[in-house]
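Chain letters run A, B, ... following the sequence lines, proteins first, then strands; residues in each count from 1.
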2 protein chains.
Amino acid sequence: MSQSLGKALQILTRLGAGPATLDELAAAVGVHKTTVLRLLRTLADEHFVFRDGSHRYHLGARIHELSSRGLDQREVRGIAAPHLTTFNRAHGRTTHLSELAGTEVVYIDKLESHDHVRMASRIGLRAPVHSTAAGKVLVADLPVGELDVLLDALTFAKATPNTITDRAAFRAELTRVRAQGWARDREENEPSINCVGAPVRDASGRAVAAVSVSVPDIVMTYDRLLDLLPALLSVTERISRDCGWRPVEPRKGHPA
Amino acid sequence: MSQSLGKALQILTRLGAGPATLDELAAAVGVHKTTVLRLLRTLADEHFVFRDGSHRYHLGARIHELSSRGLDQREVRGIAAPHLTTFNRAHGRTTHLSELAGTEVVYIDKLESHDHVRMASRIGLRAPVHSTAAGKVLVADLPVGELDVLLDALTFAKATPNTITDRAAFRAELTRVRAQGWARDREENEPSINCVGAPVRDASGRAVAAVSVSVPDIVMTYDRLLDLLPALLSVTERISRDCGWRPVEPRKGHPA
DNA sequence: ACCGCCGTAGCGACATACGCAACGATGGTT
DNA sequence: AACCATCGTTGCGTATGTCGCTACGGCGGT
């Protein structure tokens, strides 16, 4: 663990919450302002931060550039984008594309709802797999060994009264997800927010991303949200096909 | 200049070019792999990078989160976004929103062209003020002292045969920009790319951002690009008004 | 003029970061 | 099974880079 790097990263993270002065950053990070200034100098030299005319430091252009490049490296995002735009245009609900990251999902794209109720999520945020629809579809088809390792690492943190906090119950939920091909989050991750998600698959059939639709209960009930399932399954199928996925053919001689 | 932080930032920048292994990063940064691993560990702990199953490190979720938050902190971006979306929908040309950053502009939003010719620019990239339309409008109205300081710092790097590389010529260009209220870049920044730009002003009348439209010559001639000027001036005026700007009223008793 | 705030420079001490060397884990081949 | 190559990791001693302190300069406001 590199001490000075860790401190610099804390500075960057603090600046994510808003611009700050040298003194504010020194207080936030807990080191002398000379030390902070040295770190800030280095960060500024590489354009990770900049200082305005009022003595405040801000996140700089390099962060945006790297994020933009990093997102471009996530292939599924580029493939999904036009499909999601069309879906969002048609349905107007907050839609996320996410990937699995350890025991969490990370949102790698977001399309805003068309109404005035906005969700506080954003690209780059992470959420636990066990309480999100996206998480469930991303882990449901993991090979047994991988799923066990993941479940071992999961803390099943209770986010709301509805959160699944029991390993056996979560396994049962994943069985259900596998059977129906989509997942739900009924106020399990955030109070008053329901969500449905479906997997995007690649050529190997593996779920490489999830598309999920989130709606506050006051805007749309869970039952109304289910009306979006056909469209959701349709768009994830289209994206999957563009990712090289092909449906498994029914085996001959066996019941469909 | 913090050595270990500098190295870590080099790692992040390298990963912007694509995923890399520990050995590749050690070679790129020029230090022992143990050192790189320590830095990567710290970066990974804070989610700035992650490692995939094939030994490769990638830029992580925190970069995207910080970028997203940092862009939200740029107020003019939020104000301009709906206007630019409408403008882009109507005209379908690559459109940038940029801010001044020292002797450079930094692109803080980008709307893609509707055709298949895409521009290599991206959010977070910087470009010199003297060879870009956006740069010209951002510095044209600077107070004299500020402009002098900026010009002193400018190297007038020659990007193309058309680049203005002479201080006096650039000053003359800025005089013209002030008079007409918009600026051009006739293959001054990149060969075969023309650009027009106009300022977004805040309540104080100061140019706080620029909207620019860039088009490759093969797609649209400079003269055709000029057809977009009325719409460009109109959208920048609308954004400016939303930023609190109000047109200066003609003085009474003087010619209009 | 004085004051407050911010940024900066120089210094010595020492803690942290460094590279080296060795080893463990993994996967592939024979 | 053994062997090999690659990657990641650990432990060590050392010296370099980082640290906080102190003092000072610059700037803006009164």
Side-chain angles (χ1 to χ4, degrees), chain A residues 1-12 14-15 18-60 101-102 142-146 148-150 152-153 204, chain B residues 1-12 14-15 18-58 60 101-102 142-146 148-150 152-153 204 206:
Chain A
M1 178 65 183
S2 164
Q3 297 301 309
S4 45
L5 174 56
K7 298 270 187 303
L9 300 181
Q10 280 178 55
I11 289 171
L12 289 175
R14 163 61 186 78
L15 290 176
T21 62
L22 177 62
D23 282 336
E24 283 166 351
L25 291 171
V29 177
V31 294
H32 195 269
K33 71 174 182 176
T34 313
T35 300
V36 171
L37 183 64
R38 284 193 198 104
L39 297 174
L40 284 168
R41 271 228 201 100
T42 307
L43 289 166
D45 284 349
E46 300 297 327
H47 300 281
F48 281 82
V49 304
F50 71 93
R51 187 175 59 180
D52 69 23
S54 313
H55 305 298
R56 289 176 312 169
Y57 288 88
H58 303 247
L59 292 173
L142 285 180
V144 173
E146 281 185 51
D148 282 339
V149 170
L150 189 141
D152 286 346
S204 71
Chain B
M1 178 66 182
S2 164
Q3 296 300 308
S4 44
L5 174 57
K7 300 265 187 304
L9 300 181
Q10 278 180 57
I11 288 170
L12 290 175
R14 164 61 187 79
L15 290 176
T21 62
L22 177 62
D23 282 336
E24 283 166 352
L25 291 170
V29 177
V31 294
H32 195 269
K33 72 171 179 177
T34 314
T35 298
V36 171
L37 183 64
R38 284 194 199 101
L39 296 174
L40 284 167
R41 271 228 199 101
T42 306
L43 289 167
D45 285 348
E46 300 297 328
H47 299 281
F48 281 83
V49 303
F50 70 94
R51 189 175 59 177
D52 67 24
S54 312
H55 304 300
R56 290 176 310 169
Y57 288 87
H58 302 247
L142 285 180
V144 174
E146 281 184 51
D148 281 338
V149 170
L150 189 142
D152 286 346
S204 72
R206 188 166 176 134

Salt-bridge criterion met for B:R206 and B:E146 (N-O under 4.0 Å): yes
B:L12 vs A:F48, side chain to side chain contact (heavy atoms under 4.5 Å, CB included): CA-CA, chis, key distance, verdict: CA-CA 11 Å; B:L12 290 175; A:F48 281 82; 4.1 Å; yes
OP1 or OP2 of C:dG7 under 4.0 Å from side-chain N/O of A:H55: yes
Side chains of B:L22 and B:H55 in contact at under 4.5 Å (non-hydrogen atoms): no
Sub-4.5 Å side-chain heavy-atom contact between A:V49 and A:H58: no
Sugar-phosphate only, base, or nothing, as touched by B:R56 at under 4.0 Å among non-hydrogen atoms: nothing
Integer-rounded Å distance: C:dT8 P and A:D23 CG: 13 Å
Donor-acceptor pair present, A:K33 side chain and D:dG20 base, under 3.5 Å: no
Atom-to-atom span, CG of B:L37 to P of D:dC7 - whole angstrom: 13 Å
Distance, rounded to the nearest Å, where B:K7 contributes NZ and D:dT16 contributes C1': 12 Å
Side-chain N,O (A:S2) to OP1/OP2 (C:dA17) below 4.0 Å: yes
DNA chain C: 5'-proximal contact among A:L5 and A:H32 (nearest heavy atom): A:H32
Nearest listed nucleotide, side chain of B:Q3, among C:dT16, D:dG17, C:dG7: D:dG17
N or O in side chain of A:S4 less than 4.0 angstrom from D:dG17 OP1/OP2: no
A:T21 side chain vs A:R56 backbone, donor-acceptor pair below 3.5 Å: no
Criterion side chain to side chain contact (heavy atoms under 4.5 Å, CB included) on B:R14 and B:L25, from CA distance to verdict: CA-CA 8 Å; B:R14 164 61 187 79; B:L25 291 170; 3.6 Å; yes
Per A:R38 side chain, nearest of listed nucleotides C:dG10, C:dG19, C:dC6: C:dG10
Distance-only polar pair, side chains of B:S4 and A:S4, donor-acceptor under 3.5 Å: yes
Check: C:dC6 base within 3.5 Å donor-acceptor of A:T21 side chain: no
Sorted by number, the residues of residues 39-47 of chain B with heavy-atom contact under 4.0 Å to DNA chain C: none
Selected nucleotide, minimal atom distance to A:R51 side chain, candidates D:dT9, C:dG7, C:dC18: C:dG7
